[in-house]
Structures are given as C-alpha cells and as structure tokens.
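Note that these values count all heavy atoms, side chains included, but never hydrogens, waters or copies made by symmetry. Start at 1 and go down the list; that is how both ligands and their atoms are numbered.
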Amino acid sequence: MSHQAYIESNKERFLNELLDLLKIPSVSADSRFAGDVKKTADFVAERLKEAGADKVEVCPTAGHPIVYGEKFISADLPTVLVYGHYDVQPADPVELWHSPPFEPVIKKTEEHPEGAIYARGACDDKGQMYMHVKAFEAMMKTNSLSCNVKFMIEGEEEVGSANLGTFIKANKERLKADVVLVSDTSMIANDTPSIDVGLRGLAYMEVEVLGPNRDLHSGVYGGAVANPATILCQMIASLHDENNHITIPGFYDDVVVVSEADRAEMAKAPFSLDAYKKDLGVNEVWGEKGYSTVERTSIRPTLEVNGIWGGYTGEGSKTVLPSKANAKISMRLVPGQNSHKIAQLFKNHFESMAPAYVKVTVTEHHGGEPVLTPTDSTEFLAAAKAMETTFGKKPIPTRGGGSIPIIALFEAELGIKSILMGFGLDSDALHSPNEKYGLFNFYKGIETIPYFYQYYAEMKK
Ligand code: BES
Ligand code: MN
Ligand code: MN
C-alpha cells in the first residue's frame, strides 16, 4: 500500500486522535496545568510508540518534560530531527471563545470550506506537530520510511524553551541529524503554499515605574506628585518617533539591510491589504514609514507593549494615584541583531530617561535570536519539491514574523539547519480566542511530509 492510500484509509482515526490530544489543556505558562502538561507528554509518547518509534522516552527537565523517540534504519541514510511542541498558550480571555477552548469542535468557514478544528493549540502546535507523528506512522506501516528519524517534542516552547537548550547541550550525540524539520509556522494561503526561510528573534523586557511609597488619594495628592502610570505612558510613547521608528539609541545599528532586489522579489508574493484589514477589523494599518505591511512583519524589527497595568482596574471607580505602574515590552529582532545586546540597549535607554520623580527598573525575560535559512540547500529543495507535489504549485520562500528561539540554537549547538515547513495560516488565530486549524491543512501536511523524506533521501545520495 502507498503512504497516500494508508493515510486515506486512516483519516478518521488520525483526526480523532488529534481531537483527544487537544482535549488535554497543556498550558505551559500556568502551573495549575502542570499535571495536564505531563499527561500530554505521555499521550504523545504513547502515540509515537504505536506509530513505530523506538527508544521513546519522556525526559524530565527542570520544567516540563521533553518527548523523545527515534527510528534508526541505516547509517547510510540521512537523519531527520523532527521538532515541535505539545504545550499551548493560555486560553484566556475564555469568554471570547465561541466554544470551550479544550473541547474541540469542527466548523466550516469561508476560509476553511472543508471544516476547521477550533481549539487552543489546534494550529500552534498540536495539530501541526501531530501531522509528523501520523506521517511517520504512514511511512512505517507502508514500509516507505526513507530516512532515519528522531523526534524531539517539547513542552515549554510557549514560555521560552528555557530547559530545551540544556537538553540539547547534554544530548548532542543522541540528537545528531542532518536536518531539523519543523511545522510551527504559517503559509500564505491554502492555494498559495510558502516556506518560511527566516524567523525573527525576540528580546522581552519588564519595566516598573515606582513613585510614592504607597497608593495615594488622588484628590489630596494628585497634581503635586508624579503619577507613575502617566510617566510610564510618556516613556513608552517616546519609544517610537513620528515615523514609527524605534528611538532606542543603537537599536538599528546591526540590522542587516535587505537589498532592493530582494524586497522587489518579496513584494511579488500575493498579499491583499484589504483582506488583511477586514480580517482584523481595522480601518488603517500602522507601522514604520517606508515599509510595506509584509516587510513590517518580517524584515524589520519592532517594539510592542504586551501588557500594561497599575492602579485600580477593578469594577466601578476608585480615586487613587498609584504608587507604581508596570509594562511588559518585547522587541522582534531581525538578522544581525542580538537579543542580549538589544536588551541591554533597551535597559540603558529606559533607565536613563527616567525623570527624577520616579525610580525605574528594567528586567530581562527570555529571548531568542533571529534565523535565516538558505533557499538553495538540499533540504530546502526537497521541502519545496514535496510541497509542489501535493499542492501542484511551487512554494514561495517567505520570512515569518514570529519567533522560535530554539531554531538558532540547533544551528549554534548542533550545527544543523532547519526547514520551517508550516501548514497553518496567519488567520488561524494563534494565541487568540477561537484558534483553529483547517482539516485541509492537517491532511495536506500528513500527505506532504513523506515526500520530504523521500526527496531528501534521494537528493542526499
Ligand atoms: N509557532 C509560533 C511561532 C510562529 C508563528 C512563527 C507563526 C512564525 C509564524 C510559536 O509557538 C510562538 O508563538 N513563539 C513565540 C515566542 C516564544 C519565545 C514565546 C512568539 O513568536 O511570540
Ligand atoms: Mn508554535
Ligand atoms: Mn505559539
């Protein structure tokens, strides 16, 4: 039986297994879900074993466990290291979901006429990760696996992969491979396949602006003591200038400038600004002057406030001049920039602009480095040919706006390049309420992955 025929006759079961996986709330950020995170790791390990993997292990870490499994066939064949994550983002605000985040339902939409699975993690990354488990099963059961495989599925991607770096450093021999294969990114559209050849890095900061030694009556003291919330807003507002350039001194110094020829090439990829605005419900887009929307979310660095709080935010009103105000601020980085250097530049700048009426402290959270991968490598050509086979169209090389910090570490620690063969859509609402993943996308991924193994093995000969 061909792998395609095997997939066709096991479609229903593949989907039901994914639905079961989506029912376990593996929220890595929230310690109340630690038991469920562990359960999810065990679930993935069991499915890997059933699919035919050897040496399956749920490896404990200082945080959530890493699932490892492998199938070795021959030292003459190349080895593919599959990376993915089984943890998910928190579901809140839960009240904005049309159906409970951990009770998956399938609904048809304009974009997904064949139906989409609505659940937290449907696309990011349980649905995409699970395609690899099922593609592996299909190759095993039809005797068509053409590469050695190693699986490394982690449970801390959404919280910065803090313990995965340690695991990689401690397991260099075990993780030896020729290429890392990842499905945790998006493509342009279901009829426009693309492969990300770059990802942005990340520097994530937390700031605190401290004023008086206690919350004050805003009538008794307001007007005479600086309000930390006001000062914080002024400081944050000053981080962009009138052209929406970031004002931190030195911020752009190391940015690799993309050539006009490359920008012109990128601009050829289909993109509808109208559809983009409509999807987001905004009248106008915003961003750095001189760059298109696609460029602003791929080749240019950015700075965002992720959260801001201080003073009274409860029901009704309370007259208070808060003692402090805080914000979480992140910067997306592009090739050339280094997350630690940018974090330091931010800290120096933010602290130095603090007026005398407040004390400002800046701390650094996790970060990650940007990546760029070649389009003329064997692995890229194999991935492109695989997608061309199943979509009937050559995939367009694109640069993703999100971050997967571990990708840069694979290269730095193991010397292996990654292929970011994602099957999601940006509109699948990753990290948002009502996250979804198209059934078309799930099955297309399962169908495409075996071709990657086949072409990669052929091209590597
Ligand atoms: N799968 C995403 C990254 C992604 C999504 C890349 C879409 C390209 C296109 C990943 O799970 C993620 O959300 N990463 C975080 C970084 C992490 C350190 C929390 C991100 O990009 O914010
Ligand atoms: Mn992800
Ligand atoms: Mn994510």
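Taking a 4.0 Å cut-off on heavy atoms, Arg200 fails to register as neighbouring ligand 1. The shortest separation from a heavy atom of Gly368 to ligand 1 is not under 4.0 Å, leaving the residue out of contact. Contact analysis puts His431 in contact with ligand 1, with a non-hydrogen atom separation below 4.0 angstrom.
A salt bridge links Lys277 to Glu284: at least one charged side-chain nitrogen sits closer than 4.0 Å to a carboxylate oxygen. A salt bridge links Arg300 with Glu288: the closest approach of a Lys/Arg side-chain nitrogen to an acidic carboxylate oxygen falls below 4.0 angstrom. Salt-bridge formation is detected for the pair Lys38/Asp42: a Lys NZ or Arg NE/NH1/NH2 atom is positioned less than 4.0 Å from an Asp or Glu carboxylate oxygen. Glu388 has no carboxylate O lying under 4.0 Å from a charged side-chain N of Lys393, or vice versa, which leaves the two without a salt bridge. Taking 4.0 Å as the cut-off between side-chain N and carboxylate O, Glu364 and Lys347 do not count as a salt-bridged pair.
In summary, the atoms of ligand 1 found under 4.0 Å from a heavy atom of Glu158, numbered by their order in the structure, are 11 (O), 12 (C), 13 (O), 19 (C). Those atoms of ligand 1 with a heavy atom of Leu430 less than 4.0 angstrom away are 5 (C), 7 (C). The Arg332 neighbourhood of ligand 1 comprises atoms 20 (C), 21 (O), 22 (O), with distances under 4.0 Å to a heavy atom of that residue. Every atom of ligand 1 with a heavy atom of Pro405 under 4.0 Å away is listed here by number and element: 18 (C).
Applying the ring-ring contact (aromatic ring centres under 6.0 Å, His included) definition to pairs two or more places apart or across chains, none involves residues 93-118. Pairs engaging residues 148-163 under the salt bridge (Lys or Arg N to Asp or Glu O under 4.0 Å) rule: none recorded [sequence neighbours left out].
Aromatic pair His3/Tyr451: ring centres closer than 6.0 Å. Between Tyr83 and Phe151, the distance separating the two ring centers is not shorter than 6.0 angstrom.
Atoms of the protein (N, O or S only) found under 2.8 Å from the Mn ion (ligand 3) are Asp124 OD2, Glu158 OE1, Glu158 OE2, His431 NE2.
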* Asked: Do Ile406 and Ile168 pass the side chain to side chain contact (heavy atoms under 4.5 Å, CB included) test, and can you show the C-alpha distance, the side-chain angles, and the key distance before you say yes or no?
  -> CA-CA 10 Å; Ile406 209 64; Ile168 290 178; 3.9 Å; yes
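Taking the side-chain hydrogen bond (donor to acceptor under 3.5 Å, both in side chains) definition, one finds that Lys23 meets it with Asp20, sequence neighbours left out.
Residue contacts with ligand 1 for Asp125 are absent, since no atom lies close enough (heavy atoms, distance under 4.0 Å). Only the side chain of His85 comes within contact range of ligand 1, with a heavy atom under 4.0 Å; no backbone atom does. Contact annotation for Ser161 and ligand 1: no heavy atom of the residue comes within less than 4.0 Å of the ligand. Contacts between His366 and ligand 1 below 4.0 angstrom, taking non-hydrogen atoms only, involve the side chain exclusively. Proximity of Asp124 to ligand 1, defined as any heavy-atom pair under 4.0 Å, is confined to the side chain (atoms from C-beta onward).
The protein atom (non-hydrogen) at minimum distance from atom 6 (C) of ligand 1 is Gly402 CA, 3.7 Å. When hydrogens are left out, the protein atom nearest atom 16 (C) of ligand 1 is Ser403 O, 3.5 Å; that is the closest non-hydrogen contact. Of all protein heavy atoms, the one closest to atom 4 (C) of ligand 1 is Asp184 O, 3.6 Å. Atom 11 (O) of ligand 1 has Glu157 OE1, 2.7 Å as its closest protein atom, hydrogens excluded (heavy atom only).
Annotation: Asn244, atom CG; neighbour count of heavy atoms from other residues, nucleotides and ligands within 6.0 Å is above 12.
In this pair, Phe440 and Phe391 present their aromatic rings perpendicular. The plane angle is above 60°, beyond the 30 to 60° band.
Geometrically, Arg174 engages Tyr68 in a cation-pi contact, judged by NZ or CZ lying under 6.0 Å from the ring centre and within 45° of the ring axis.
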